[in-house]
Amino acid sequence: MSMQSVASPAITLMPPKATALRHIPGDEGWPFIGRTLNILADPKGEVERMSAKYGPVYRSHVLGETSITALGPEANELVLFDQQKLFSSTHGWEIVLGRLFPRGLMLLDFDEHRLHRRALSVAFKSGPMKSYLTQLDAGIAARVAQWKAAPGQMQFYPAMKQLALDLAATSFLGAGIGPEVKEITRAFVDMVAAAVTPIRRPLPGTQMARGVKGRQRIVAYFSEQIPIRRDKGGEDLFSQLCRATHEDGALLSTQDIVDHMSFLMMAAHDTLTSSLTSFIGELAANPEWQQRLREEVAGLGLDANDPSSLDNLEKMPLSEMAFKEAMRKKPPVPSIPRRAVRDFTFKGFAIPAGTLVGVNPLYTHHMPEIWPDPERFDPLRFTDEAQRNRHRFAWVPFGGGAHMCLGLHFAYMQAKTFARHFLQNLEVSLEPGYKPHWQMWPIPKPRDGLRVVIKPV
């Protein structure tokens with residue numbers, strides 16, 4: 001099948017008239033701004049209050065548009081698994097990501113998405129993953145050694161963000177990227193910040209203007225590098241994509257590679273920064289679990305300078321369960337938008353084509369009927385036995401269905417490599433009485449940077 005035959009059609013999905021959604025219970029809030037300020041101030045509390053008042057399907061008005069929120073595992077399965085191809089990811093995410101990360105994998109639909117995903121999957125096979133691990137392992141070990149040499153209080157989130165950026169640059173772009181690395185990572189930082197800025201036009205002096213300029217720099221860099229990487233090869237992700245082909249043997253176009261690399265770099269560093277920060281925050285607040293994971297790492301029998309291997313990481317099930325539990329409490333993508341491409345019915349409500357529909361992992365991950373005492377940190381929720389009778393869409397930090405995160409195994413690999421080096425070298429704690437305050441939307445992060453105290457083990 002050629003790519004020309006599956007290009008997503010340029011369909012226009014107009015939001016339905018306001019009257020078409022009035023039969024769905026809800027509250028649209030103030031004129032123009034709707035309930036946007038409520039969701040920005042307290043996204044978890046807002047959804048829980050609306051659900052308690054109106055039920056698991058309700059109408060709201062956020063970011064300039066009336067939308068429908070559908071809650072719980074059944075809603076996640078309907079929208080994310082999307083067996084009937086009712087929902088467009090392209091038209092769900094475009095308001096947030098379309099200007100800066102156009103045609104990234106998450107912004108493609110149906111057959112076109114499937115073929116691009118298949119082409120990109122070559123970069124996440126066993127051989128390339130081993131190469132990425134070598135780069136990640138060395139980078140993490142060196143940074144943890146720096147932290148170990150400077151014990152005391154630190155702000156963990158900015159330190160983790162810088163490390164994630166550096167790791168994405170080396171494993172995705174190659175260790176030999178050279179002096180341009182700072183300029184490239186700065187451009188990515190500006191693009192990510194612009195994606196969620198309230199001012200959506202690139203007016204002079206705004207974050208969106210900086211984001212648009214950052215994208216121009218990224219496009220120029222990747223476009224210039226693609227023929228070079230195709231010629232000389234390399235094991236980094238960028239070089240893998242430069243050589244990737246579609247089913248008909250055609251190489252990905254320059255524009256496709258630029259768009260996919262931009263999106264993958266953004267997704268890899270921002271969500272992983274959030275997840276690893278919440279992971280360390282939980283270990284600092286739960287020293288008994290920190291010690292259990294440290295004992296698991298000690299059981300690997302590795303000296304501090306020994307490299308990690310995929311076999312080592314397979315022997316860290318408790319660390320993986322703890323990482324999953326951290327993502328349950330603070331999913332890196334707390335809400336997921338889609339737009340209905342056809343009329344559909346859910347929970348007895350008829351919902352017309354064009355409607356913006358959101359599901360909410362943050363809500364599902366705290367449903368007490370699924371997760372007893374949901375605010376408690378308990379990695380044993382993820383034993384095989386505990387998961388056996390749980391709805392398969394009750395835990396969705398990586399999404400689900402066709403758009404399940406392509407880098408899922410990369411994320412686990414990086415998280416367990418980080419856990420191995422961090423726990424082998426450092427002990428982390430919170431100061432007495434300190435309780436970090438988190439901003440939960442659009443991607444969870446601690447408002448104060450997460451103040452922790454580290455000391456050598």
Side-chain angles (χ1 to χ4, degrees), residues 42-45 47 140 143-144 147 154-165 167-168 192 196 267-290 292-294 316 318-336 360-366 371 373-382 394-399 405 407-408 410-423 426-431 434-454:
D42 181 13
K44 181 171 178 286
V47 174
I140 290 169
R143 191 62 50 87
V144 168
W147 295 347
M154 71 180 289
Q155 282 193 304
F156 189 79
Y157 180 83
M160 189 66 238
K161 187 173 182 67
Q162 187 59 56
L163 174 57
L165 271 169
L167 294 175
V192 170
V196 296
H269 99 262
D270 229 37
T271 55
L272 204 61
T273 297
S274 174
S275 299
L276 284 174
T277 300
S278 61
F279 174 64
I280 292 300
E282 293 292 351
L283 294 188
N286 296 274
E288 69 285 359
W289 269 106
Q290 183 180 162
R292 287 184 68 171
L293 300 194
R294 186 171 289 112
M316 296 175 63
L318 275 183
S319 297
E320 183 170 319
M321 287 190 282
F323 183 56
K324 287 180 174 180
E325 174 69 343
M327 288 191 291
R328 179 193 67 80
K329 292 188 69 178
K330 295 180 178 69
V333 184
S335 59
I336 301 174
N360 198 284
L362 181 60
Y363 178 91
T364 308
H365 289 187
H366 288 80
W371 313 97
D373 193 7
E375 297 304 324
R376 180 169 57 92
F377 180 73
D378 181 10
L380 296 181
R381 300 180 199 270
F382 291 94
W395 184 77
V396 286
F398 294 106
C405 175
L408 180 153
F410 180 88
Y412 283 134
M413 182 175 76
Q414 187 162 339
K416 289 195 281 188
T417 304
F418 181 79
R420 176 248 155 144
H421 287 291
F422 189 92
L423 292 166
L426 295 168
E427 183 179 299
V428 62
S429 60
L430 304 177
E431 292 181 331
Y434 168 65
K435 184 175 174 59
H437 295 286
W438 282 72
Q439 166 193 310
M440 294 301 290
W441 193 88
I443 294 177
K445 71 176 191 177
R447 296 182 189 275
D448 62 355
L450 184 65
R451 298 197 315 273
V452 299
V453 178
I454 58 169

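Excluded from the calculations below are hydrogen atoms, water molecules and symmetry mates; all remaining heavy atoms, backbone and side chain alike, are included. Nothing fancy with the numbering, it's 1 onward along the sequence.
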Are [X] and [Y] close enough that some pair of their side-chain heavy atoms sits under 4.5 Å apart?
X	Y	result
Leu293	Phe323	no
Glu282	Trp289	no
Ile280	Phe418	yes
Met440	Lys44	no
Pro361	Ile336	yes
Tyr412	Phe398	yes
Lys324	Glu320	yes
Glu427	Val453	no

Is it true that a side-chain atom of [X] and a backbone atom of [Y] form a donor plus acceptor pair closer than 3.5 Å?
X	Y	answer
Asn360	Tyr363	yes
His269	Leu163	no
Arg328	Pro374	yes
Glu325	Met327	no
Lys329	Glu375	yes

Minimum heavy-atom separation for [X] and [Y], please, with both atom names.
X	Y	answer
Leu423	Gln290	CD2-CG, 3.9 Å
Ser274	Trp438	O-CH2, 4.3 Å
Trp441	Pro43	CB-CG, 3.7 Å
Asp378	Arg376	OD2-NH1, 3.3 Å
Pro334	Pro444	CD-CD, 4.0 Å
Thr364	Ala394	CG2-O, 3.4 Å

Using 0.5 Å steps for rounding, measure from the [atom1] atom of [X] to the [atom2] atom of [Y].
X	Y	atom1	atom2	value
Lys161	Gln155	NZ	CD	14.0 Å
Ile140	Arg420	CD1	CZ	10.0 Å
Thr273	Phe156	OG1	CZ	9.5 Å
Asp270	Ser275	CG	OG	10.0 Å
His366	Asp373	NE2	CG	10.5 Å
Arg294	Leu318	CZ	CG	13.5 Å

Name the orientation class of the two ring planes belonging to Trp147 and Phe422 (parallel below 30°, tilted from 30 to 60°, perpendicular beyond 60°). perpendicular
Partner of Val452 under side chain to side chain contact (heavy atoms under 4.5 Å, CB included), picked from Leu426, Thr277, Leu430, Leu283, is Leu430
